[in-house]
Every structure is written in C-alpha cells, then in structure tokens.
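Scroll down for the structure; my scribbles are underneath it.
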Amino acid sequence: MSVVLNHAALAAGFTADGLRDTAGVRTIERRGIKLDRARAVLVRRMQVAGLSMIQVLLHVVPGMAPASAGIIALCLTLPVLLYSAQPFFSGAWHDLKRGVAGMDVPIALALVVAFVDSCAALVFDSRALHFDAVPLFAFVLLASRYLALCGQPSARRRPGRSPETDRIAAWCVSGLLALTALVYASWLQIEPGRASQVALAVLMAACPCALSLATPTARACTTDSLLQRGVLALQPHALDTIDRATHVILGKTGTLTRGRPVLCRTVPVGALDDVACRRIAAALETGNPHPLGQALRGGVAAPPLAERVHMAAGQGVEGWIDGVRYRIGSAAWVGGIAGGAARAAAPAGTTSVWLGHAAGWLARFDLIDPLRPEALAVVGRLRAAGKTLILLSGDTQPAAQAVAARLGIPTAIGGKLPHEKLACIRRLQAGGAVVAVVAMASAAQVDAGDAVDAAAPRVADVTIAMVCGSVPGQRHADALIIGDDLTPLADALDGARRTLAVMRQNLIGVAVYNALAIPAAATGLLDPWLAGVGMAGVSVLVVLNALRLRAAQR
C-alpha cells in the first residue's frame, strides 16, 4: 500500500485536515487504499489505449485499402472511447453540470470530434481519417495523469481542482473554444474540405491540460517530499507564502527552546523560606499544564490545597490558600497585590516567576529552558534566505534578548501579552511586510501568553504550528511541523523556493509550446494526431519536471 505519510504523522494520529483524530491512522490507510485502486484502474485504461494505439498505427499503413483500414481503425478506437477515455467524459460532464468549462471539456470534445469526423470521412470518403489521433491523444494524457497521481500524497486532494489552477481553466477553455470556432469558420471560406481537420488540430494543440498540471503537480510533489521530512502543508498557499515572506516571527518557549524549563533557583524576598514558597507555588500551579507550572510544582510532595484558582492569560495564576490570596506569575501581575516593584533582577538568560500576596513579595523563581540544539543552524538558514527574523515572546525582555543574542536574531521583543503580539504582526503588515509566524505552543502556553497566541494564525500571512501544539493553532495553521525538531522549518523554505522555480519552468515551457503549436495548427501545418501528441507530450514533460522535486528534496 502506497501510503506516504511517515511514521511520525501516523503516530500523532493526524488526518489530512491536520487535526487530532483517534481514527486518524485508519482514515489515512483508507485513503491510501483508494489511491492505489485509482492507480490500478488508470493503468488498465492506459493499457487498453496503448494497445489500441499500436494496432491502429500498424493497420493504417500505405497500400491498404482506405475502407478496410478505416473500418479496422474504427473498431480499434471504440474501446478507447468506451473505456479508456471515460475519466475525460465523466469529468467534462461533471464540469458542465456545475456550469464550469474545465480542462476535461476540450479533451472530451476533441476525442468526440476526431471520432465523429473520421466516421463521416469513412462513409463519404471525402476527407482524411483521424482515428489514430484518438488512442494517441488518450494514451499520452492518461500517462500524464498517472504520473501526476504518483506524485501526490495519499492524504491530499487531486492536484488541479482548486477553485482558483477551475476559474483559470474556465477562461482558457472558453478562449480555446472561441479560437477553434473562429479557425473553423475561416477555413470554411478558404478550403471547406480541411476546415474540420484544422479546427480539430487547434483544439488538440491548445488544450490547457499542461497548463492545469504545471503548478499543482509541483505543489503536490513538494508536499509529499516535505511530509517525509516532517512538514504537512494544509493550505495550498502555504508554500508560496513561506517563500514570499519578508519577516519570520519566532516564539521563544517551545519554539527556539525545548519548552521543558527546569527550576534552577528559588530566591526568597519576604518572610517565608524557599521551602514554604515552593509549596505555595506548587499549590497554585496544580492542574496547570503549562511547562513553567510543571517545573514549579515538580519535586513538591503533597502541596496545600488552593481554592478559587484563576489563570490570567499572559500574566499568571491567582488563588487562595488557607484564606490568604496569592499571585504567581510576571512581576507586573504579582505587583498588582504585593505593591511596589520587584526587589531583584533575574540573571541573564533565565525566566523569572514571582510569588507574592497582599502583605508583599515572597519569592522569585529562576527557571532555565535550554535552547534546541538545531535552533542555531535553522536560524542561520533562515537568515541566509534573506528573511528578517524577530523573536516575539511573553517572557521578559532580558530573557528574550538573551536567547536572541545567542542565536543571532537581530530583534527581540519580550514581555508582550497575546493582544500585543497581534498588534506587532499588524504593524509589520501595515508597513508592507509579508509575515510568517512559527508557533510551537501547547494549549497551556497559549492560555498563558508565553507563545504566539492562537489568534495569530488568523492575522499572519502564513502560520506554521507544531503537531504537539494547541488545537486552536492547528485549526488555523497553514502548515504543521511533525515531531520535536525545528529543522523542517528551514526545509519547508528550501522546498518552497525549489517549487516556485519548477512552476516557472513549467509555465514558460507551456507558453513556448502554445506560441509555436497553435499558429502551426491554425495555418494547417499540424495534423490533428501530431497536435494531440504534442500537447499531451508537453503535459508529460511538465509532470516529469515536477517529479524531480521529490528526488531533489530527499
């Protein structure tokens, strides 16, 4: 079974929507089985078209009686129309029912016109036969679709059917049909006997199949390759926007750091000793899944009971113990009841959590969250790509600045609440920046404001979230990083750049082909079969060029 999602994605239980799902593995497996079946059916259709193509070319040879050759070609072409070409006919019918002129419409029209025109020529013996164009055209198009199907991930949708690679196809098809009608009318005046032949050549040469495959196939191949590396693109614009991004905003806790802080020192600043302060802190942090809360309650056995506990986003926790109201969190939050200013500054590179009550300040807890070992290399790759990096954190400015200095990030903004972080993103966008946000935050971190808030994905131009991140972040993220490693972020940037390069190559190649083939067909220099093979061949080349992305990014 060709399921391309890696073990990390399966273990995380993710479906194509990027949301946690207990049945995620079964869903992905079912989609993989369906994709394998689709490939098998497509191979059978290709075999029938290929066999018919070979037989037609062998029987329609010089010296054979035209009527005999025509009847044999007709019989050999019927299986292609009735079986091999059914995906084109069903796709065209589906598009027409929706009122959309999709790329299957001109394909189906060309096949029908070639067959009907050849049947008429066989009966009246007045024009050339084009039966050979039908299996040739169908076979090469089926081959391009098979290659495109092999290039897409099993949990993704078939490329080329987005509402947008639909509106473009509708315009192209409408223009193609108008051009074909104009050519046909013109040749009726010039040489009526060749009008249908020339019009058919134009219809086949200008079919937008290659154009419709030029960009979605490249995206699908990159999506597959990046998925093997731990990046799941959820939105079609994700790769494009990552490449266009001028600014990359990185959180600190859980993004550049491991997100597993440890308590390194307790500094009493009031009447209670460090043991008593730690017991109070553990009581207030009971039930708090935030990494800082876990570190503060670690190692404390049987803490007292805290009542009326309240968590303030981006600030801290408040609760009552034995009738006394306590606060733990930022200096500003604790100072709201303790009064005055914090008594001592925290050492550089540490995160400080304060404890106090109405009678004054009690303690400062210093915690250290180690940097990710790959963070320095990833930051270097992002800077080498020309991105402006900003560290945006709810932690104190000194703590944020210390991390930024170690990693070579030029701008560090600390001490920001969730709504203030969003304001920073909006200010950058107002100045013309394209902003990418990397949010690797647990649900608790989002609640506490220590990472980019869950609302950030709705504001940023593109957002990358971690698989173990918050559910809100995953629902609004454009891409997910699967696993506890930041390296796929830089891989996604490299993959986006290669993808856009291949897209440009494909579009240029299609444009050059159309510029040469359409005039040649319209002036009668290109036979229908050759026009069809040329167009379908360009489609195959476009897909093969896109498939290079899978090998280049492994």
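A donor-acceptor pair is defined here as one N or O able to donate and one able to accept, closer than 3.5 Å; such a pair exists between the side chain of Tyr513 and the backbone of Met535. For the pair Ser225 (side chain) and Cys221 (backbone), a donor-acceptor distance under 3.5 Å is absent.
Exactly one residue among Thr180, Val173, Leu177, Leu200 makes a side-chain contact (heavy atoms from CB on, under 4.5 Å) with Leu109. That residue is Leu177.
Annotation: side chain of Ile390 is not in contact with side chain of Leu250 (no heavy-atom distance under 4.5 Å). At least one side-chain heavy atom of Leu203 sits under 4.5 Å from a side-chain heavy atom of Leu176. Counting heavy atoms from C-beta on, the side chains of Leu239 and Leu226 come closer than 4.5 Å. At least one side-chain heavy atom of Leu74 sits under 4.5 Å from a side-chain heavy atom of Cys119.
Judged by a 6.0 Å distance limit and a 45° cone about the ring axis, Arg45 is positioned over the six-membered ring of Tyr83.
Note that CG of Asn506 is 10.5 Å distant from OG of Ser539, once rounded to the nearest 0.5 Å. Atom CE of residue Met503 and atom CZ of residue Arg219 lie 4.0 Å apart, to the nearest 0.5 angstrom. The OG1 atom of Thr217 sits 10.5 Å away from the CZ atom of Arg145 when rounded to the nearest 0.5 Å.
Scanning both residues, Met204 and Pro528, for their nearest heavy atoms gives SD-O, 3.2 Å. The nearest pair of heavy atoms linking Leu81 to Gln86 is O-NE2, 3.0 Å.
Under the ring pair (Phe, Tyr, Trp, His ring centres under 6.0 Å) criterion, Phe131 pairs with Phe115, not counting sequence neighbours.
In the model, Asn545 has a side-chain atom that pairs as donor or acceptor with a side-chain atom of Gln505 under 3.5 Å.
Around the CH2 atom of Trp187, the shell of radius 6.0 Å holds more than 12 heavy atoms that belong to other residues, nucleotides or ligands. Residue Tyr184 places its OH atom among 12 or fewer non-hydrogen atoms of other residues, nucleotides or ligands, all under 6.0 Å distant.
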What verdict does the side-chain hydrogen bond (donor to acceptor under 3.5 Å, both in side chains) test give for Asp117 and Ser196, after you've listed the backbone C-alpha separation in whole Å, the side-chain angles of each residue and the deciding distance to 0.1 Å?
CA-CA 7 Å; Asp117 188 64; Ser196 60; 3.0 Å; yes
Starting from the C-alpha separation in whole Å, work towards a yes-or-no answer on salt bridge (Lys or Arg N to Asp or Glu O under 4.0 Å) for Asp104 and Arg98.
CA-CA 13 Å; Asp104 286 329; Arg98 295 187 300 136; over 6 Å; no
